[in-house]
Each structure stands twice: as C-alpha cells, then as structure tokens.
Amino acid sequence: MSLFLPYEKMWDMPLGGTSDEKQVPHWAGNLIWGFLAFVFKICFRYRVDHRESLRGFKDKTGVVVVGNHTSFLDVAFMYLAGRPSQWVRFLGRENLFGNAHGLVGQVLSRVGAFPIKRDAADRTAIKRATRMLKSNEIVGIMPEGTRRGKSDRTPELHSGAAFIAKMGHAPILPMTVRNAEHVKHKGERFRFPKITIEYGDPVLVEDFDFLPKEDRLDGCSWYAMRECFALSLNVPREQVDMPALFPGGKDFTAVFAEHPVPHHTTAEVVAGIEAKAAAKAAKAAKVQEVA
C-alpha cells in the first residue's frame, strides 16, 4: 500500500479501463468515494438518472464525459456518479495541484485527476487523455473552463473535448449536475438542495464531417454542450438559447436545424464498435491464413 506517490507518476498510470499496466492504487480513491458518497447522500439526497448511458461503455471503449459548469461541486458529483464500477479521469487546472503544500494534488491524483494548462494548447495533457481513452478509460471535461456566473470571465466554449475525443477515437457523453449552483450564492449561507445528475446520449465526432474542416470540432463541442444545457434546463435541445449562453462564439443553430445530427444510444455505439472490431479480427485472420 503506497501512501505517497509522485504526482507525475500517477498522472501517467491507468485507473480503470483495460490496460495491463500497473494502476494508480485504488485504496485512497475508494476511501474518498465512500466518504463523499455518504456525506453527499445525506446532505443533497442526490440521484443519478440515465446512468446506463455511461455504464454501457465499461470496458468497451473510452468516453469523454462533458458537462456544463455552474458550481465547485460539479466535478465531485460527476466523480460520484461514475463510481463504484467506473473511474472518471478529470482534467483540472494546473494550479490546483500545488494547494495545501501539495496535499490537494495527492488527493486529486489519487482519484484520477491530472492537470491541464488553462488557455493554452497543453500537448502533454492531450496526450495523457488520448492514451487514457485508448485504454477504455473515462475522461471528464468541463468545456466552459470556469464556473458560469461565478467570475468576471465571459463564458467561452472550448473545442478541446471534441479534439481529445477525436484523437482517442471515443464518443462524447453529455451530462449535467442539476441544482448544484444553488448550494452557495455569494454572501449567503450554504444550502442543501436535492441534486440530480443526469446523463444524455452519446455524440460522435464523425457525425460532424459534413461541416467545413475548420468548424468540425467547434460544431461538435457546441452541439454536445447544447445537449448538456438541455439536460440542465430540462427542455428540448432546440429551446436552448446558445447565443445567449455563449455571446462571443459562433452560432450553429441554423446549421443543425438544416442538417440534423444523427441520434445514437450507448448500445448502438457499442454495437458499432464491436462490429468493427469483429470485422478487423476476421480480416486479420484471413490474411494470416493466406500467409
């Protein structure tokens, strides 16, 4: 049982998935999960809806889970919703890991988080995330980068999640943590609203190949985030006012109204992956027979 490991070592070790390499020790992550699940269940009576959308990918493929960011608790609930049978590897701001003389970094790394440089093309973080996806792990990303309404920063929609999904040959799974924004309002005491975590249906990067090349990743991220806000607001996707949510970004509303994106379920995506794998294996076997 290892009490302390270097951050960098844990960032490059698998956690969950199907890799044969030595994994980040599970004991600390399990203790943290047990404690948080107990406390949060009492305080917030949280529940998880449509979790089968996530569970169906287990050991079949990596998946990028994305969500809208309204509270400092979003990441904790995203982590809890995946456990105990799946681990979520979070992309976190680089400066978080040195807090409390490195203790925060130990905790975050033990539960699977790894750092990314904000407002920069962090190739190291992208390579780590891609490798995780190819080992059938889950990578969690908040594409807005910062909590909505909690800072002076204008909300921006980053395409990093779509890029990582493309590099890792993985689907994107939208989700939301509903009511977490009401836990703490500025100048007010903590509240304990009932929290609902809800998953949507997967989005495939290749479904956006009809767009001009320079718009494909942005369009995919825009669509996935619209799915997240539709879950959050509990409305049809067409009723989400994306220009109001991201006033400085490109609006794809008319494009997707004219060219609807195919709808997929997790079962359909997994079936497609298994069919491709079977066809590839059959082709390899045939080549071997000829040789």
Between Lys250 and Asp218, is a side chain to side chain contact (heavy atoms under 4.5 Å, CB included) present by the stated rule, with each step listed?
CA-CA 8 Å; Lys250 184 170 182 178; Asp218 287 336; over 6 Å; no
Run Ser109 and Phe114 through side chain to side chain contact (heavy atoms under 4.5 Å, CB included) and show every step you take.
CA-CA 6 Å; Ser109 300; Phe114 61 104; over 6 Å; no
Stepwise, does the side-chain hydrogen bond (donor to acceptor under 3.5 Å, both in side chains) test hold for Asn234 with Arg178?
CA-CA 9 Å; Asn234 202 21; Arg178 200 176 295 126; 4.7 Å; no
Stepwise side chain to side chain contact (heavy atoms under 4.5 Å, CB included) test for Lys286 and Lys283:
CA-CA 5 Å; Lys286 190 173 183 179; Lys283 184 177 180 180; 5.7 Å; no
Are His263 and Asp201 close enough, and set up right, to give a side-chain hydrogen bond (donor to acceptor under 3.5 Å, both in side chains), and what steps lead you there?
CA-CA 8 Å; His263 174 263; Asp201 290 318; 2.7 Å; yes
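For the pair Arg226 and Trp222, the NZ or CZ position fails the cation-pi test of under 6.0 Å to the six-membered ring centre and within 45 degrees of the ring normal. Geometric assessment of Lys41 against the ring of Tyr46 yields a positive cation-pi assignment under the 6.0 Å and 45° thresholds.
Atom CD of Glu21 has 12 or fewer neighbouring heavy atoms from other residues, nucleotides or ligands inside a 6.0 Å radius. Atom CG of Asp209 sits in a crowded spot, with more than 12 heavy atoms from other residues, nucleotides or ligands closer than 6.0 Å. The number of heavy atoms from other shown groups lying within 6.0 Å of CD (Glu258) does not exceed 12.
Defined by atom type and a distance below 3.5 Å, a donor-acceptor pair is present between the side-chain atoms of Asn136 and Thr18. Thr176 and Asn68 share a donor-acceptor pair across their side chains, judged by distance under 3.5 Å alone.
Comment: Asp49 engages Arg47 in a salt bridge, judged by a side-chain N to carboxylate O separation of less than 4.0 angstrom. Salt bridge Arg128/Asp12: present, at least one basic N to carboxylate O contact under 4.0 Å.
Between the side chain of Asp207 and the backbone N or O of Val261, no donor-acceptor pair lies under 3.5 Å. Judged purely by atom type and a 3.5 angstrom limit, Arg191 has no side-chain atom pairing as donor or acceptor with the backbone of Val183. Not one N or O on the side chain of Gln86 forms a donor-acceptor pair closer than 3.5 Å with the backbone of Arg83. Formation of a donor-acceptor pair under 3.5 Å by the Lys22 side chain with backbone atoms of Met13 is not found in this model. Checking side-chain atoms of Lys184 against main-chain N and O of Glu188 turns up a donor-acceptor pair under 3.5 Å. Looking only at distances, no side-chain donor or acceptor of Ser232 sits under 3.5 Å from a matching main-chain atom of Cys228. Side chain of Arg131 to main chain of Pro14: no donor-acceptor pair is present (N/O by atom type, distance under 3.5 Å, no hydrogens or angles). Side-chain atoms of Arg110 do not come within 3.5 Å of backbone N or O of Ile32 as any donor-acceptor pair. Put simply, the side chain of Asp74 gets close to the backbone of Thr70: a donor and an acceptor are under 3.5 Å apart. Using modelled atom types, no side-chain atom of Ser159 and backbone atom of Leu217 make a donor-acceptor pair closer than 3.5 Å.
Among Thr196, Asn179, Leu73, the single residue meeting the side chain to side chain contact (heavy atoms under 4.5 Å, CB included) criterion with Phe44 is Leu73. Between Tyr223 and the options Phe252, Phe208, Phe229, a ring-ring contact (aromatic ring centres under 6.0 Å, His included) holds for only Phe208. Screening Lys166, His169, Met167 for a side chain to side chain contact (heavy atoms under 4.5 Å, CB included) involving Thr130 leaves a single residue, Met167.
Between His50 and Tyr199, the ring centre distance reaches or exceeds 6.0 Å.
Under a hydrophobic-cluster definition in which Ile, Leu, Val, Met, Phe, Trp and Tyr are linked whenever side-chain heavy atoms come within less than 4.5 Å, directly or via other members, Phe97 and Ile141 are assigned to the same cluster. Criterion: ILVMFWY side-chain heavy atoms under 4.5 Å apart, direct or through other members. Under it, Val48 and Leu231 are not part of a common hydrophobic cluster.
For the pair Val203/Pro171, no side-chain contact is recorded, criterion being any heavy-atom separation below 4.5 Å from C-beta on.
For the atom pair Leu91 CG and Ile164 CD1, the distance stands at 5.0 Å (nearest 0.5 Å). For the atom pair CE (Met242) and CE (Met225), the distance works out to 6.5 Å, reported to the nearest 0.5 Å.
Between Val139 and Ala129, the shortest heavy-atom contact is CG2-O, 3.9 Å. Minimum heavy-atom separation, Ile172 to Cys220: CD1-SG, 3.7 Å.
Sorted by first then second residue, the salt bridge (charged side-chain N to carboxylate O under 4.0 Å, His left out) pairs that include residues 134-143, not counting sequence neighbours, are Arg89-Glu137.
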